[in-house]
Amino acid sequence: SVQTGRDMRTLAVLLFDSLTQGQLDKSAYPFESEERHEWLYKPTPNLVAGIVLPKHTGLSIMKLSPEQKLQLSRLLDTALTSQGMNVIRS
């Protein structure tokens with residue numbers, strides 16, 4: 001709904017406003033960046049079917065402060081179903 005979209009935008013802005021410059025540099029990429037096409041977010045290089053996947057350069061959730069993790073959880077809770085939230089919490 002339109003309200004859900006507004007809520008998500010508000011929560012995303014709050015989360016991004018809470019990030020340090022170093023965290024922002026790892027979490028927001030220019031539109032032209034190849035990184036925005038990288039959807040397999042593994043913390044280290046991985047070998048899949050004989051192919052070495054590149055290390056993701058984004059911001060790890062482990063690097064967020066407790067308050068930032070709470071803000072991220074609120075954003076995801078708005079964006080996902082309760083079943084989706086249960087998957088990412090497990």
Side-chain angles (χ1 to χ4, degrees):
S1 75
V2 171
Q3 186 59 46
T4 300
R6 287 183 184 131
D7 291 346
M8 289 173 61
R9 181 189 182 285
T10 298
L11 292 167
V13 168
L14 287 172
L15 174 59
F16 272 81
D17 284 349
S18 76
L19 299 177
T20 66
Q21 187 59 52
Q23 290 172 317
L24 277 172
D25 291 345
K26 291 185 172 228
S27 59
Y29 297 97
F31 184 78
E32 304 81 22
S33 172
E34 288 299 315
E35 184 66 22
R36 71 184 181 89
H37 297 286
E38 192 63 46
W39 287 93
L40 182 59
Y41 297 113
K42 299 287 184 180
T44 58
N46 291 283
L47 186 63
V48 176
I51 300 169
V52 176
L53 302 173
K55 182 177 179 180
H56 177 60
T57 59
L59 177 62
S60 168
I61 293 172
M62 301 299 286
K63 300 287 184 179
L64 297 177
S65 72
E67 179 61 29
Q68 291 167 331
K69 288 178 184 177
L70 180 61
Q71 290 174 347
L72 176 60
S73 180
R74 288 177 180 151
L75 173 60
L76 292 174
D77 197 35
T78 303
L80 300 175
T81 63
S82 57
Q83 182 181 9
M85 283 302 291
N86 288 337
V87 169
I88 64 169
R89 285 187 177 127
S90 59

So among V2, T78, D77, L75, which one has a side chain to side chain contact (heavy atoms under 4.5 Å, CB included) with D7?
T78

Within-4.5 Å side-chain heavy-atom neighbours: R6 and Q3
yes

Test item: L80 and V87 side chains (from C-beta on) under 4.5 Å apart, heavy atoms:
no

Could you measure the distance from the NZ atom of K63 to the CG atom of L19? Nearest 0.5 Å is fine.
14.0 Å

Q71: partners by side-chain contact (heavy atoms from CB on, under 4.5 Å), with sequence neighbours left out
L15, S18, E67

According to side-chain contact (heavy atoms from CB on, under 4.5 Å), who are the partners of S73, at least two apart in sequence or on a separate chain?
M85, R89

Who are the side chain to side chain donor-acceptor pair (under 3.5 Å) partners of T4, not counting sequence neighbours?
S1

Provide the closest heavy-atom pair for L64 versus Q68 in the form atom of the first, atom of the second, distance.
CA-OE1, 3.4 Å

List for me each residue that meets side-chain contact (heavy atoms from CB on, under 4.5 Å) alongside P66, sequence neighbours excluded, and say none if there are none.
none

Gap between atom CG of L59 and atom CG of L72 - 0.5 Å precision
9.5 Å

For Q83, what residues pass the side chain to side chain donor-acceptor pair (under 3.5 Å) criterion, not counting sequence neighbours?
none

Hey, could you give me the CZ/NZ distance between R74 and K69, rounded to the nearest 0.5 Å?
15.0 Å

With sequence neighbours excluded, residues passing side-chain contact (heavy atoms from CB on, under 4.5 Å) with S33
Y29, P30, E35

Within one Ile-Leu-Val-Met-Phe-Trp-Tyr cluster: L11 and I61, side-chain cutoff 4.5 Å
yes

